[in-house]
Amino acid sequence: NTKDYIENMGGECLFIAGDLTDREFSKLIVKETLKKFGKIDIIVHSVAFASREALSGRFMEVTRDDFRVAMDISVYTLIAVVKKFERIMSDDASVVTLSYYGSEKVVPNYNVMGVAKAALEAAVRYLAVDLGKNGKRINAVSAGPIKTLSAAGISGFKSLLSSNEQRIPLGRNVDIEDCGNLAAFLLSPKAKNITGSVIYVDGGFNITAM
Ligand code: IMJ
């Protein structure tokens, strides 16, 4: 597991499970992080949720409540994390969040998540201006479809993966390691002049039309 992996590499870790929409929890994770690590250099925001009913059928059938929850969990949590952690971030800290091409073009069934990711990418640009004043950076990784837990059970995901593979210039789907490699770059000083951007790791899918 992740804890063993980190500790075997000589790293230290702190796992805290909780609800990011809870003010008290946000306060707690900042307090505990400060206590264990002091300043923080990198943050990976990997949080999204939409109700299962909203992720199929007609987009316009989304309820006000499902829309609100999708935006709250998938977008506001990024703003909340940046807001809460700013105080303990190092001067050249870097933040990465995860997005998907469904923010720009209609992908079947992505529905309200597409709208949430569009808002997330816009939030990255506004946050980049706020954070940039003191050298901190924030970017989004837009990865191609990957078979992970958050894609499990989505109807037609397997056929989406294989039809994607036919269209991708590089002819192969991406994996979580490709995604991690781009995040590692953006979080590193090698990306010191990149902020507010949405960078693709999708084998070139986004540049194609047919
Ligand atoms: C998710 C739904 C529909 C189509 C989709 C996806 N495609 C891809 C995803 C084409 C690639 C995966 N993705 C990029 C996501 O952002 C997934 C978010 C998500 C997944 C679930 C599944 C379980 C649930 N709620 C979810 N909320 C968000 O109940």
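The model shown is predicted, which means the values in this text are computed figures rather than measured ones. Order of appearance sets the numbers: ligands from 1, and atoms from 1 within every ligand.
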Report all N/O contacts between ligand 1 and the protein shorter than 3.5 Å as a table of atom names and distances to 0.1 Å; if there are none, say 'none'.
from     : atom 1 : to     : atom 2 : distance (Å)
ligand 1 : 16 (O) : Tyr110 : OH     : 2.7
ligand 1 : 25 (N) : Ala50  : O      : 2.7
ligand 1 : 27 (N) : Ala50  : N      : 2.9
ligand 1 : 27 (N) : Ala50  : O      : 3.3

Could you pull out all donor-acceptor pairs under 3.5 Å where a side-chain atom in residues 49-59 meets a protein atom, sequence neighbours excluded?
from  : atom 1 : to     : atom 2 : distance (Å)
Ser51 : OG     : Ala54  : N      : 3.4
Ser51 : OG     : Asp66  : OD2    : 2.8
Arg52 : NH1    : Gly153 : O      : 3.3

Q) Listed by chain and number, what are the ring-ring contact (aromatic ring centres under 6.0 Å, His included) partners of Phe85, not counting sequence neighbours? A) none
Q. Strictly by modelled atom types, are Thr63 and Asp65 linked by a side-chain donor-acceptor pair under 3.5 Å?
A. no
(Q) Does Lys31, at its NZ atom, have more than 12 non-hydrogen atoms belonging to other residues, nucleotides or ligands within less than 6.0 Å? (A) no
Q) Can you name the ring-ring contact (aromatic ring centres under 6.0 Å, His included) partners of Phe205, sequence neighbours left out? A) Tyr101
Q. Given the rule in the salt bridge (Lys or Arg N to Asp or Glu O under 4.0 Å) test, do Lys36 and Glu12 qualify, once you have shown the distances and angles that lead to the verdict?
A. CA-CA 9 Å; Lys36 186 160 176 76; Glu12 295 234 8; 2.9 Å; yes
